[in-house]
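Written out below as structure tokens is the structure these notes cover.
Keep in mind it's a predicted model, so treat the numbers as computed, not measured. Only this structure's heavy atoms are used, side chains among them; waters, hydrogens and symmetry mates stay out. Below, chain A is the first sequence line, B the second, and so on; all start at residue 1.
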2 protein chains.
Amino acid sequence: MSDKGSSLLDIRKMRILQAIVDDYIMTAAPVGSRTVSKRSDMGLSPATIRNEMSDLTELGFLEQPHTSAGRIPSEKAYRLYVNHIMDSAKLTDDEADYIKRHLDTRVHEVGEVIRQTAKVLSDMTNYTSMVMSPQFSAMRLKRISLIPVSEGSAMAVVVTNNGVTKNAMIRVPETLQPEDLEKISKLITAKLDGHKLGEAINSVLPMIKSEVGEQADAVCDMLTSIEESLSETDVEVVGASNILDYPEYSDASKARSFLTEVESGSYLQKVLSDASDVEMSVRIGTENDNPDMKDCSVITVTYKAGGENIGSMGVVGPTRMDYGKVMAILRYMSSSLSDILSKLIK
Amino acid sequence: MSDKGSSLLDIRKMRILQAIVDDYIMTAAPVGSRTVSKRSDMGLSPATIRNEMSDLTELGFLEQPHTSAGRIPSEKAYRLYVNHIMDSAKLTDDEADYIKRHLDTRVHEVGEVIRQTAKVLSDMTNYTSMVMSPQFSAMRLKRISLIPVSEGSAMAVVVTNNGVTKNAMIRVPETLQPEDLEKISKLITAKLDGHKLGEAINSVLPMIKSEVGEQADAVCDMLTSIEESLSETDVEVVGASNILDYPEYSDASKARSFLTEVESGSYLQKVLSDASDVEMSVRIGTENDNPDMKDCSVITVTYKAGGENIGSMGVVGPTRMDYGKVMAILRYMSSSLSDILSKLIK
DNA sequence: TGTTAGCACTCATCCCCTTCGAGTGCTAAC
DNA sequence: GTTAGCACTCGAAGGGGATGAGTGCTAACA
């Protein structure tokens, strides 16, 4: 049996597989030949479907929980479904409306927008949503202000040229006076203006050094720890408890390990970071290299501001996820968020 | 039968009740007379215990799931237990050690300390923990810096005299230039220095007004929205999924409503705010005026800095909670956190 | 040669029934 | 007042059918 790539199933098998996946996504119950025969309007008898399903099982697209149950899709099936089969759903007018109404464009702070986005995403999909805040590494700086907090520590407020801000507590030499910090702020703001922080450290720092004289080392340390702080990305996760609505997580220990993993956030953060350059990515089941997520799928999209990718967001749910709907929602949300941010941060 | 206040059970009933509550807290299973007779070294036969248990049931301290099961404590019993019966446990050396090792005193940022505290609290108790960040209303200001972000918006960084910081994005008139903001920052910092923000708005504002002339209204608006932002208290919640370890939450829908409530955070925030003046408070079951929390108990303590209460933290778990241990841990953590903050923010 | 009806077979689920045992409440004796 | 004894209760656990959804195979059909 020659397997010239999994996409080369004949049309009929494709349609049967689609019917099975669609049904299983809705019901979470193994799908039998009779059901397929009735639901897919192909005019084939259950017996014929059975033969095809048997083939599909042999090819690894279907699995049988036990002899006399129906079939459930394998990961391979979901992969094929996502890549080649599924109807790429359009949002209904109601759904688009809902998003428009709940993403309040009057909000004027980036963090608030991020939180709203996560909330809407989770409410609409009924899965767990996550939204990464815009990444600084891609943005150009406008200003860095050092504000004295106590002897030996200061808060650095970094503002980008598109109006996103972030703060970092840093240590400063105790000898530095508030006025010194103000001077340094002005100096590094003048020098860094328009650069990205990462490159600034290398190319601009030497120039700064020559001007600050004895405080050169201190300034260098400060910039380094600012850069460190800024490279930490915040992720807003909402709706983790939605997972309990799905029967595959009715087992408390499975739910527990999912929720613990989500609460720690480290894996999700990694996925979002990794996905920050592909427009849309889908990880199905064990494609997540994390055993706690082996029964989950994670779908991410990037969002932009000023034509550049500056962050990503996504949805986590059971592998039996409504891929079409979620992908449609994510696409729409991505462009909504990009619009809002572009306006917000000009 | 005269009931002169629930605390007036005779000694023997108290000890029996204690044995039952202790056992039930450990096992989550109804406790029978034989068990009590064996475990409590009172040298009484099961039959005698049965008579007492019957009385305790009549008095409302015990409940019977069904005729042939043992008894479980009622809320009233937990209340009595907490108020009058339980041994106020001491931490073991191991536990105290664990806290010392994991509350890193070298951390120099308040938010980080809060997060660590919540993590340790949840890890040690295996319940859900929550820690409120220090409240600004009680603290005196040292500095307010306005940093231009984009036309029409600025970030206000507020620093208290004990080194706690918080930021707020605010709108500013588009006509204001960066230099104006700098001037205003210096002015309000000079005037507000040492005052609490709330009182400052009323007493200091008039003075400021006279000095800023035409910008008086703008400054007033700015201060008002800063005050608004600062009065929002952040709560760090950790370990929500721990609840799934307890059999009383093996029912998915119960777990779901608990987790949803916790995720929203609004009730917990309310509890922490309400509890901010009593050293330790315990809410058992329906004493929480929130139906989703009717099977939970919430214990809170306050923490201090510079001798003043500036925040609170707590633990949420099933009513069958290890009150003695949790209260001991909270007491210890409260003083640890107070110490750390007092040092950190001098 | 692909499609279909027919049929025996499998196996999880449901329901009923029994058994088991932990626990109670009552009574009578110590 | 305390305790042993005993009948009674009732949930939990376990053991069959009965049910029915679904399969795979075979033989007939177009």
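As the counterpart of C:dA8, D:dT23 is assigned, both hydrogen-bonding distances of the Watson-Crick or G-U wobble pattern falling under 3.5 Å. Base pairing analysis places C:dC30 opposite D:dG1; the two distances defining the Watson-Crick or G-U wobble pair are each below 3.5 Å.
Remark: C1' of D:dG24 and NE2 of A:His66 are 15 Å apart, rounded to the nearest angstrom. Remark: P of D:dT23 and CG of A:Leu56 are 12 Å apart, rounded to the nearest angstrom. Put simply, CE on A:Met53 is 15 Å from P on D:dC25, counting in whole angstrom units. The NZ-C1' distance, from B:Lys13 to D:dT2, rounds to 14 Å in whole Å. To the nearest angstrom, P of D:dT23 lies 13 Å from CD1 of A:Ile72. Between B:Glu52 atom CD and D:dT2 atom P there is a gap of 7 Å when expressed in whole angstrom units. Atom CG of B:Asn51 is separated from atom P of D:dG1 by 11 Å (rounded to the nearest Å). Between the CD1 atom of A:Ile49 and the P atom of C:dG2 there is a distance of 16 Å, rounded to whole Å.
The nucleotide whose nearest atom lies closest to any side-chain atom of A:Gln64 is, among C:dC11, D:dT23, C:dG23, D:dT23. Of the candidates D:dC10, D:dG24, C:dT24, the closest approach to any side-chain atom of A:Ser54 belongs to D:dG24. Listed nucleotides: D:dG22, D:dG24, D:dG5. Nearest to the side chain of A:Ser68: D:dG22.
Under a 4.0 Å N-O distance rule, the pair A:Glu52/A:Arg12 qualifies as a salt bridge.
Look at B:Arg71 and you'll find a side-chain N or O under 4.0 angstrom from OP1 or OP2 of C:dT24.
Projected onto DNA chain C by closest heavy-atom contact, B:Gly70 and B:Ala47 fall at different nucleotides, the more 5' of which corresponds to B:Gly70. Each of B:Arg12 and B:Arg50 was assigned the nucleotide of DNA chain D with the nearest heavy atom; the assignment lying further toward the 5' end belongs to B:Arg12.
A donor-acceptor pair is defined here as one N or O able to donate and one able to accept, closer than 3.5 Å; such a pair exists between the side chain of A:Ser40 and the backbone of A:Val36.
B:Thr48 comes within 4.0 angstrom of a nucleotide base, judged by non-hydrogen atoms across all strands.
Closest heavy-atom contact between B:Ala255 and B:Leu244: CB-CD2, 3.6 Å.
Residues B:Gln18 and B:Met14 have side chains not in contact (no heavy-atom distance under 4.5 Å, counting atoms from C-beta outward).
Within residues 18-46 of chain A, the residues having any heavy atom closer than 4.0 Å to DNA chain C are, in order of number, A:Gly43, A:Leu44, A:Ser45.
Between A:Arg15 and the choices A:Asp10, A:Asp41, A:Asp87, the salt bridge (Lys or Arg N to Asp or Glu O under 4.0 Å) rule is met once, by A:Asp41.
Within 6.0 Å of NZ in A:Lys119 there are 12 or fewer heavy atoms belonging to other residues, nucleotides or ligands.
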After noting the C-alpha distance and the side-chain angles of A:Tyr267 and A:Asn288, does the key distance pass the side-chain hydrogen bond (donor to acceptor under 3.5 Å, both in side chains) rule? CA-CA 9 Å; A:Tyr267 178 68; A:Asn288 293 294; 2.7 Å; yes
